[in-house]
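Just follow the structure's listing: the first ligand is 1, and inside any ligand the first atom is 1.
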Amino acid sequence: MTAAPESAPRSDTGAHTSGTAGYAHRMRILTRLETARELDPVSDKLQEAVTAVVRPRRLRDLLHGTWLGHPLHPVLVELPVGAFVCAAVLDLLPGRRRAATSLVALGVAAAGPSAVAGWTDWSEMTRDRRRVGLVHAAANLVAVGLYTGSLVARLRGRDGRALGFAGLSVAGLGAFLGGHLAYAQGAGANQAAPEIARLPADWTVVGSVASLPEGKTAVRTVGDVPVLFYRHGDQVSALVERCGHETGPLGDGEVVGAGPDACVVCPWHGSTFRLADGAVVHGPAASAQPVLPCRVRDGKVEVRQP
Ligand code: FES
């Protein structure tokens, strides 16, 4: 497996487009966080630990959301966030203490699986994303700690609401960083999807079918998009060549299996995609690799945008 780059292309946090001083200040803090190399020793040790603990491949696939078609972590997060927000609302109403306590208990219990899925995704991110992810996780850990304190206080007959509101505030910071990680830095997004819009909409001749090696992958540029071809007898399949996980070069990946079940293994983190239909067989990618319509006419291979 070849080494993946340590950082994704820098997200333009856009301080130059600031409309307000507050916006520019936030962007400066986020940029500082993305580039905070001093976090790397801790981040690297934690990455090793998570990789060692969540080792079985089936478990990793389960936690990445390979079976779901997109990352599992944001789905699991819904439960603790929903429970904590509802508990805060009930805490503001008279006579709802027991219901609020039940929701706090539910949120604390649901935070565990969500965190495990998040750490598993985090362990296969680029360093700049891991820096932001580390502080996102730390904020959520503090929030769950405050909620646990709130729960213990409530069960002992004390108020516990102040700890709950403090937990919600810190969880808000964690959510803000999670949003930056997902939407500004692109963690968890299908990095291959934007390539589709850059492909020609009409059928485009790529070359002769005979020029494609049997049972091996070959990369051709269509428009300006690298496309991965795989020929099995008369059948030719075509996939976007940049891996949907972190844009690794699938053209350098090993082909495993044969015939309609042949798969390509990404050389960066080992995501495995079936060449016939782009399905994810193993993560960390959670989304299928985009497949292009492909046909053979008069011995020539043609593809177009889906
Ligand atoms: S880039 Fe990570 S598995 Fe392909």
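Protein N, O or S atom count below 2.8 Å of atom 2 (Fe) of ligand 1: the structure gives 2.
Classification of Asp261 and Arg274 as a salt-bridged pair fails, no side-chain N sitting under 4.0 Å from a carboxylate O.
Taking the ring centre of Trp122 as origin, the terminal cationic atom of Arg129 falls outside the region bounded by 6.0 Å and 45° from the ring axis.
At most 12 heavy atoms of other shown residues, nucleotides or ligands fall within 6.0 angstrom of atom CG in Asp234.
Pairs engaging residues 76-96 under the side-chain hydrogen bond (donor to acceptor under 3.5 Å, both in side chains) rule: Asp91-Arg154 [sequence neighbours left out].
Every residue two or more places apart in sequence or in another chain that forms a side-chain hydrogen bond (donor to acceptor under 3.5 Å, both in side chains) with His245 is listed here: His269. Listed by chain and residue number, nothing satisfies the side-chain hydrogen bond (donor to acceptor under 3.5 Å, both in side chains) test with Ser114 (two or more places apart in sequence, or in another chain).
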